Structure formats: structure tokens, C-alpha cells
Protein chains: 2
Amino acid sequence: MVRAGSLSNHGRPQPRRPTMADVAREAGVALRTVSRFVNGDATVGEDFADRIRRAIETLDWQPDERARQLRSGRTRTIGAAVRNISDAHPVLRAVDESARAAGLTVVAMSTEDDEEREREAVVSMCRRRMDGIIIEPIAENHGYLQPEIDSGMPVVAFDRPATGVEVDTVLSDNRGGIALAFEHLVRQGHRRIGYIGDDERIYTGHERAVAFHECLRAHCSAATGMVHPGPIDPARIAAALNRLRSDPEPATAILTGNASTTVAVIRQLGGDFGSIALVGFDDFALADLLRPGLTVVAQGEAEIGRTAIDLFQARAADPSRPVQTVTVPTTLIPRGSGELAP
Amino acid sequence: MVRAGSLSNHGRPQPRRPTMADVAREAGVALRTVSRFVNGDATVGEDFADRIRRAIETLDWQPDERARQLRSGRTRTIGAAVRNISDAHPVLRAVDESARAAGLTVVAMSTEDDEEREREAVVSMCRRRMDGIIIEPIAENHGYLQPEIDSGMPVVAFDRPATGVEVDTVLSDNRGGIALAFEHLVRQGHRRIGYIGDDERIYTGHERAVAFHECLRAHCSAATGMVHPGPIDPARIAAALNRLRSDPEPATAILTGNASTTVAVIRQLGGDFGSIALVGFDDFALADLLRPGLTVVAQGEAEIGRTAIDLFQARAADPSRPVQTVTVPTTLIPRGSGELAP
DNA sequence: GTGAAAGCGCTAACAT
DNA sequence: ATGTTAGCGCTTTCAC
């Protein structure tokens with residue numbers, strides 16, 4: 001039922017939104033004066049300012065960002081192409097907060113770890129003429145970004161490097177993180193440590209697996225390790241886990257290469273979680289609620305996000321500056337699962 | 001170091017991005033013809049189409065969304081003002097997917113549960129002249145939305161109703177959900193059931209607390225209940241929990257009013273989790289990994305998101321249609337914690 | 001089907 | 001300090 005209450009305007013012909021010209025007319029000043037007042041370009045006579053203020057109030061005028069952006073050439077907006085905007089994403093949070101502080105709006109789009117979606121997101125950002133792009137790269141090759149970069153679009157990659165183009169990049173210290181975890185387990189007395197990680201074709205999967213091998217070499221007199229990298233899939237995780245535990249000399253500790261793998265392993269261990277030491281790469285919400293609490297290598301997501309914005313700003317300010325890659329350290333957070341004796 | 005490689009264009013003066021006029025010139029056709037070809041407004045001669053395609057390719061032209069939106073008056077974009085875009089948000093995901101399917105782009109902004117931030121987000125959406133707004137309301141009063149609604153902006157609220165304005169709304173069946181949980185516990189034989197929930201000044205906190213009271217009345221011969229609603233704060237949770245357990249006839253089961261409270265309670269119970277039956281309102285990631293698994297009342301987030309987009313579309317198609325509120329059912333997911341005997 | 005002109009709402013250059 | 005004029009890049013009349 002439609003009522004003709006004062007609360008509702010439904011059904012009435014929609015009044016055209018007021019424009020800056022309407023404000024100027026209402027205030028009895030020139031359009032340009034309104035613009036100057038609104039943008040603070042120059043000081044405006046106090047009486048004029050008052051009339052403009054009142055006119056804006058009366059008409060309930062709001063500037064049209066589209067027109068403003070079109071005319072001025074800048075959007076004060078940067079795009080963030082991330083895996084999934086609907087999942088928890090501490091980096092995105094930091095990007096958003098840092099950008100806000102700099103007076104920039106962040107528009108985030110999901111890539112769903114899909115090359116096609118990533119390109120769609122980037123294209124959409126370019127068509128909106130955003131001032132820059134922050135990307136968590138998924139595509140095999142980012143050559144498609146080259147024309148955009150050449151036409152002056154600042155691009156910053158994080159988490160993984162973008163391949164085929166030279167862009168500013170923020171990465172976690174993947175190798176250092178694995179070393180932290182490995183040495184922690186060695187210190188607890190573990191000598192047979194297994195690794196289950198992500199597909200090695202993925203950058204972080206590769207880095208972490210390589211780092212694990214390096215750790216094995218460095219500690220070779222003490223530790224024997226097993227690596228089972230590959231796609232994250234329950235069956236594969238189960239198989240890897242089985243091999244690690246059914247070995248004549250079974251693993252006494254497991255290192256997992258990312259949060260999804262960690263969760264999959266815990267799920268697989270079921271009631272046996274806590275019977276074998278476990279350290280996961282990546283912290284996640286509620287990891288402390290598990291019994292035992294999950295020991296993890298935490299990435300510096302907040303710093304990664306902040307750095308991404310810093311790099312964007314530096315690039316925007318000086319397009320000719322050399323491309324830079326920043327590595328953000330990781331930290332070990334002991335919560336119990338990594339402190340179990342062999 | 002700046003190198004003059006073919007990969008990099010840094011330092012060169014930025015070539016102006018090509019415009020549609022450039023494409024027209026390159027193709028040797030009128031501007032209007034390019035526009036028609038690009039938008040499929042009308043059929044364009046095949047030879048012309050070819051030349052335009054080639055010209056677009058050559059110049060690597062991409063339409064300027066700002067100009068297009070300014071001129072056409074529509075943005076094909078809707079804003080989503082949600083608590084936090086960086087936390088997991090299943091509703092936002094569904095909103096995004098549904099909108100994509102309808103050819104709309106969703107721009108999500110965080111309100112951080114802050115009135116000021118909510119208004120900032122809404123203002124930003126209006127200034128961008130988005131086609132509609134999906135909002136998870138936090139403000140005490142949403143009267144400030146009225147002018148926008150009057151000027152034809154479709155607004156859809158979800159999770160909580162917007163106060164002071166009449167807008168299409170999607171809500172969870174909060175009362176039904178509490179009843180589901182309560183009756184489940186009664187069926188397990190519990191007769192003393194405690195409730196710890198959110199601040200009653202918050203809509204969902206209120207609804208769920210009221211529903212709990214109704215359940216108590218309906219089962220009064222069987223169950224005695226305790227309610228301890230208030231802000232989510234570890235000390236308060238601890239106190240509430242203490243009272244429930246130190247009663248002469250202590251509670252044998254607890255019902256929590258939302259995910260944050262559930263997590264706070266589990267954290268507080270520590271090793272005692274599993275010694276008392278617990279059902280939480282709201283499902284969350286990893287709830288199944290706890291020992292025992294957490295029994296929850298799950299909201300239909302995907303349906304809420306889809307419905308929000310449906311309501312938006314209906315409103316956009318017919319601004320005079322009556323305002324509608326849709327209630328989405330909840331489901332009980334037993335995982336162990338709610339199936340413990342008294 | 002195609003083309004010329006107007007204009008979306010605003011800011012940037014010049015006047016004054 | 002204020003007003004006038006142009007024009008951002010596109011879509012939309014309206015002629016042909």
C-alpha cells in the first residue's frame with residue numbers, strides 16, 4: 001500500500017538534482033564563485049560565502065563527482081584488485097585506512113583468483129580513470145598492464161610480483177618466515193619436519209617450498225624433511241599427511257605453507273590435532289581458539305598495505321623514479337601447537 | 001636506476017590518453033559512428049565497424065567512464081555501505097555476485113560501525129551519483145537519507161532497518177532463529193538456559209533478546225533463563241558467564257546472540273569449552289574446527305544479498321512501488337556444542 | 001545508416 | 001575578489 005505520507009516521495013516525478021548553476025542563481029553569484037567557494041580555491045567575500053552556503057543548504061546541493069573528475073582529470077580514487085573483497089583481508093584494510101588518511105578513496109574489486117576477473121577489474125579501473133591501481137596479482141602474465149603503465153597509471157603489486165611488467169611491489173619475507181618456523185621447531189627438538197604447501201607454480205608457494213628446502217640443507221645433520229606442495233585439495237592434503245605420518249620414521253612436526261593448507265591439515269587431523277607439532281604460515285582469526293592454540297608465522301599485513309599506498313604516492317609524485325620492491329618481515333606467534341615436544 | 005628499456009616508459013612525457021575523437025579520426029568516420037559502434041546503439045556498416053575496431057586496437061582506446069556517466073546520467077554502479085569491507089562478509093559477496101550478474105558494479109565502503117563514517121560513505125555515493133545504495137545501517141537516525149530518496153535514489157537496508165525513513169529492507173528472521181536454538185536445547189533436555197547477547201539498543205540485539213524472553217515464557221514450565229545483554233566487552237562477558245555458572249542452579253546451556261559474543265564466550269570458557277552446551281547465533285569460518293564443533297544458527301547471507309539486489313532492481317524499475325520488507329529464514333547447524341547433555 | 005551540433009556539471013584560463 | 005568563456009569526453013537530440 002502506498003501512502004501519501006510526508007516520509008515518502010514515491011510516485012512524484014523526480015525533481016532534477018540541483019546543479020552548481022542552480023546554487024549560483026539561488027545565491028545570486030557567478031557560477032565560478034560557487035566553485036571557488038566549494039573548493040577553497042580562493043578566498044570568497046564573507047557575505048557571498050554566506051549566501052552560497054545558504055543556497056547550498058536550501059537546494060540540498062551536492063557536487064557531481066563525475067563532472068568534477070572529468071573536468072579536473074583526477075579522480076582521487078585508487079582501485080584495489082584483490083582476491084576476494086568479501087573475505088577477511090587485513091592488507092585491504094590497511095590500504096583503505098592509509099588511503100583515507102591521504103584523502104583518497106579505495107574501490108576494491110574481487111578477482112576471485114581468476115585471470116579473467118582480474119583483467120575485468122583492471123579494465124574497469126582504467127575506464128574509470130582511477131589515479132592508480134593496487135593489485136594482488138593472479139594472472140600468469142601482466143603484460144596487459146604495460147599500456148596503462150605507459151600512459152601514466154601508477155601500479156603497485158603486493159603479495160606476489162606481477163610478471164612481465166616492472167611495477168612497484170610489496171612482498172612478505174616468505175623465506176625468512178619459513179626459516180623462523182623451521183628453526184623454532186628445531187629448537188623444540190624436532191628432527192623430522194614435514195612441509196605441506198601450496199602449488200609451486202604460485203609465487204608464494206614456490207618461495208616457501210624453496211625456503212623449506214634451504215632450511216633442510218642448513219640443518220641437514222639434524223632434520224629430515226618431506227615436502228608435499230601442490231594444489232590445496234582435501235584428498236591431496238590427506239595423502240600428504242598420511243605419508244608424513246606413516247613413514248618408518250614419521251614426521252614429528254609439520255609446517256604448512258599458507259592458511260588454507262593449515263586449516264585443511266587441522267581438519268584432516270581431526271581429534272589428532274595436538275598429537276603432532278604444527279606451525280602454519282599466515283595467521284587467521286580464531287587461530288588462538290583452537291586447542292592447542294595454533295602457532296603461526298604472521299605476515300605484516302598492515303605494513304604491507306601501508307607500504308603499498310606509500311609506493312603509490314611516491315610513484316604518482318615522481319613517475320620517473322626507479323621501480324622499487326619492498327619486503328616486509330614476518331613474525332612468529334607461539335600459541336601451543338608449535339611448542340609440542342617430538 | 002632508470003633504464004630506457006622497452007618495458008618501461010618512466011620519465012617520458014605522458015602521452016595523452018586517446019579519446020573517442022581520436023578513434024574517429026584514425027578510422028576516418030564521424031565521432032557519432034564510433035559511439036554507436038561502441039554502445040551497439042544501432043547497426044554500423046561492416047566496413048566502418050572494421051575500421052573502428054582497428055582504430056581502437058591501434059590507439060588502445062578505452063572509453064572514459066566518467067564522461068559516459070556524466071552524459072548518460074547513469075552510472076551502472078551501486079554503493080554498499082557495510083560494517084567493514086575487510087572482514088569476511090558473506091552478504092557483500094552475494095550482493096557483489098548478484099550485481100555483477102545484472103551488469104552492475106558494486107563499490108563497497110566501510111562504515112566501521114560509526115555514524116560519521118556511514119554518512120561519509122553515503123555522501124560519497126551520492127556525489128558519485130551511484131544508481132543506488134545498499135546499506136547495513138548503523139546510525140541512530142537515517143533521516144539524512146530522505147532528500148536522497150526523494151531525489152530518486154533507491155536505498156535498500158539489510159540486517160537492521162533504517163530508522164526514520166521508509167526504505168526496502170532485508171532482515172534475518174532473528175526471532176525464528178532464537179526459537180530454533182532454544183527449542184533445540186530444550187530437546188536436548190536443558191532446562192536452565194542462559195543468554196548472552198549484544199546491546200539491546202542495537203536492533204538485532206533487541207530482537208534476539210526479546211525472542212529469548214518469549215521462548216522462556218513459552219517453555220516456562222520447563223526452562224528458567226537468564227539474560228545478560230549489553231555491549232560486547234570481555235569483562236562483561238566474563239561477568240555474565242560467571243553469574244550464569246555460579247547460580248545455585250547453574251545454567252547448563254548458553255545461547256549467544258551474535259558471532260562476536262560467541263567468540264568472546266568461547267575465549268572466556270577456555271578449557272571449559274565443551275563442559276557446557278553452547279549454541280551461537282551466526283555462523284563463522286572455522287566454527288567447525290573447534291572441539292566440540294560449534295552448533296550455530298546460520299543466517300541466510302547469500303539470500304539476503306540476492307534479495308537486496310532484487311529489491312534495488314524493483315525499486316529502480318518502479319520508484320512508486322510500495323516499500324517492502326523481506327525476512328530471510330535461519331537454519332540450525334548442529335556440530336556438537338549444542339548437543340551436549342545437561 | 002551517418003554526421004553535425006548541443007550539452008551533461010563541473011574546473012581551468014583568462015579576463016576584469 | 002569576482003565574472004566570462006571554454007572545454008573535459010562522451011551521449012543525445014536532430015537533421016540528412
Side-chain angles (χ1 to χ4, degrees), chain A residues 14-53 55-56 59-77 124 126-131 151-152, chain B residues 14-53 55-56 59-77 124 126-131 151-152:
Chain A
Q14 283 169 30
R16 187 180 59 81
R17 285 190 105 106
T19 73
M20 189 179 271
D22 296 328
V23 173
R25 203 173 308 116
E26 173 82 19
V29 301
L31 179 69
R32 184 66 186 95
T33 309
V34 178
S35 172
R36 260 196 308 253
F37 170 76
V38 169
N39 296 300
D41 285 359
T43 41
V44 170
E46 195 38 56
D47 48 335
F48 276 17
D50 254 10
R51 276 151 61 192
I52 293 172
R53 249 188 297 269
I56 290 176
L59 299 175
D60 191 48
W61 172 80
Q62 295 209 330
D64 187 324
E65 234 0 91
R66 298 169 300 184
R68 183 189 281 226
Q69 290 177 7
L70 175 59
R71 183 60 243 240
S72 72
R74 272 165 47 265
T75 58
R76 307 282 302 159
T77 299
S124 169
C126 292
R127 290 162 82 119
R128 283 152 195 266
R129 299 294 191 267
M130 292 185 174
D131 291 348
S151 73
Chain B
Q14 281 169 33
R16 190 180 57 78
R17 284 189 106 107
T19 74
M20 190 180 266
D22 295 328
V23 173
R25 202 173 309 116
E26 172 84 20
V29 300
L31 182 72
R32 180 70 186 89
T33 309
V34 178
S35 173
R36 260 200 308 258
F37 169 76
V38 169
N39 296 299
D41 284 0
T43 42
V44 171
E46 194 39 56
D47 47 338
F48 277 15
D50 253 10
R51 274 152 60 191
I52 294 171
R53 250 189 296 269
I56 290 176
L59 300 176
D60 189 50
W61 172 80
Q62 296 210 328
D64 187 323
E65 233 1 90
R66 299 169 300 183
R68 183 191 284 232
Q69 289 178 6
L70 175 59
R71 184 61 243 239
S72 72
R74 272 168 45 267
T75 58
R76 306 281 305 158
T77 298
S124 168
C126 292
R127 291 161 84 118
R128 283 154 195 263
R129 299 294 190 268
M130 293 185 172
D131 291 348
S151 72

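The model shown is predicted, which means the values in this text are computed figures rather than measured ones. All chains are named by letter (A, B, ...) in the order of the sequence lines, taking the proteins before the strands, and each is independently numbered beginning at 1. Hydrogens, waters and symmetry mates play no part in the numbers below; they use all other heavy atoms, side chains included.
Summarising the local packing, CZ of B/R127 is surrounded by more than 12 heavy atoms from other residues, nucleotides or ligands at distances under 6.0 Å.
Side-chain contact between A/W61 and A/I52 is absent, with no heavy-atom pair separated by less than 4.5 Å. The side-chain heavy atoms of A/I56 and A/Q62, taken from C-beta on, include no pair separated by under 4.5 Å. Contact check for A/R74 versus A/T77: no side-chain heavy atoms found under the 4.5 Å cut-off.
Judged purely by atom type and a 3.5 angstrom limit, B/T33 has no side-chain atom pairing as donor or acceptor with the backbone of B/V29. For A/N39 (side chain) and A/R36 (main-chain N/O), no donor-acceptor pair under 3.5 Å exists by modelled atom type. Checked by atom type and distance alone, the side chain of A/R71 never pairs as donor or acceptor with a backbone atom of A/R68 at under 3.5 Å.
The C1' atoms of five pairs define one axis at each end of the helix from C/dG1-D/dC16 to C/dT16-D/dA1, and these two axes lie 30° apart (to 10°).
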Please encode protein proximity along nucleotides 5-13 of chain D as a string of B, S and -, counting only heavy-atom distances under 4.0 Å. -BBBBBBBB
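With salt bridges taken as basic N to acidic carboxylate O contacts below 4.0 Å, one links A/R53 and A/E46. For A/R66 and B/D64, the salt-bridge test fails: no basic side-chain N is under 4.0 Å from an acidic carboxylate O.
Contacts between chain A and DNA chain C, taken as any atom within less than 4.0 angstrom of a protein heavy atom, begin and end at C/dG9 to C/dA13.
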Trace of the side-chain contact (heavy atoms from CB on, under 4.5 Å) decision for B/T75 with B/R128: CA-CA 8 Å; B/T75 58; B/R128 283 154 195 263; over 6 Å; no
